[in-house]
Amino acid sequence: MRPPPGGGGAIEGDADGATDGGLPLPDTQRRVRRSPLLFTAPLVLLAALVLILLWEAVRANVSPGARDDWPWRLQLLDMEALGSLLAVAAGAVLARAQYARTVRPYLGYRGSWRRGLLTEGEPAWRVGILNCGQHIAVVESWECHVVLRGGPEEAAQPWVAVPDVVATLTAGGLTVGQDYQLIAFGTGFPLVGTGNYDTVPVGIFSQRCVEKVESLHIRVRVTDVVGDGYERVLDCMRGARAAYNVPGAEPVNE
């Protein structure tokens, strides 16, 4: 899958996720949690059956006379039944792993300059998120990290909710609705798999806002249909100040 056009980040799979100054890099999607019921339980069952198999294999090589003594007289499972259970457990683990790869989300984002989104005729930087997976991903958390130009170092700023970012931007002299708009995604919001490049708006920023904000990251965590958790960091200012993406440029394919 090719990356979306514009100033957004590329769509990635479940990388481990490198960090830069305490922040996950924007161009990596990380798996942050496995489902205990659908992932851990089958593995625990498979491990237990393997241990039973080892026990029965050792017990089968003990002399017949010694099998009458404890603990060798302990037979946990018949070998035929054990073989069937092992095959079922191994198949369940492999099937779950394959299904998890099929239904996992592919989170991406894109930014582009557009006119008239905040002020009539004026350019604004629009950032949108999309899920190019085949199935729904449900938002688990939505946090922001903002740094104003001339403000504290990035690593010193915590992840906060959208209202806290609005307070920071307001304190920096920016006005909601005139200089920017930020969309707050609540817990449970579904990011539907699109199969195309249509994005859901995340934020709109005026040229003045882009000049006053050093960086604005949004960390979104989602849960897929098998209960695994994924995280993606959106760099909302990425590409906004690039020479090839000047204010007033028309978006591509959106």
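Reckoned from all heavy atoms, side chains included, excluding hydrogens, waters and symmetry mates.
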Set of residues satisfying side-chain contact (heavy atoms from CB on, under 4.5 Å) with respect to Gln181, sequence neighbours excluded: Leu118, Ile204

Shared-cluster residues of Val44, by chain and number - hydrophobic side chains joined below 4.5 Å: none

With Ile136 via side-chain contact (heavy atoms from CB on, under 4.5 Å) - residues at least two apart: Val138, Pro190, Val192

Salt bridge (Lys or Arg N to Asp or Glu O under 4.0 Å) contacts in which one or both residues fall within residues 174-193, not counting sequence neighbours: Asp179-Arg208

Those residues that, when tested against Asp228, pass side-chain hydrogen bond (donor to acceptor under 3.5 Å, both in side chains) (two or more places apart): Arg96

Which residues share a side-chain contact (heavy atoms from CB on, under 4.5 Å) with Thr119, sequence neighbours left out: Glu122

Under the ring-ring contact (aromatic ring centres under 6.0 Å, His included) test, residues paired with Tyr99 that sit two or more places apart: none

Phe39: partners by ring-ring contact (aromatic ring centres under 6.0 Å, His included), with sequence neighbours left out: none

Pairs involving residues 164-177, ordered by first then second residue, that meet side-chain hydrogen bond (donor to acceptor under 3.5 Å, both in side chains) (sequence neighbours left out): none

Sequence-distant partners of Gln207, side-chain hydrogen bond (donor to acceptor under 3.5 Å, both in side chains), two or more places apart: none

Partner set under side-chain contact (heavy atoms from CB on, under 4.5 Å) for Val162, not counting sequence neighbours: Trp142, Cys144, Val166, Leu182, Ala184

All pairs passing side-chain hydrogen bond (donor to acceptor under 3.5 Å, both in side chains) where residues 44-55 contributes a residue, at least two apart: none

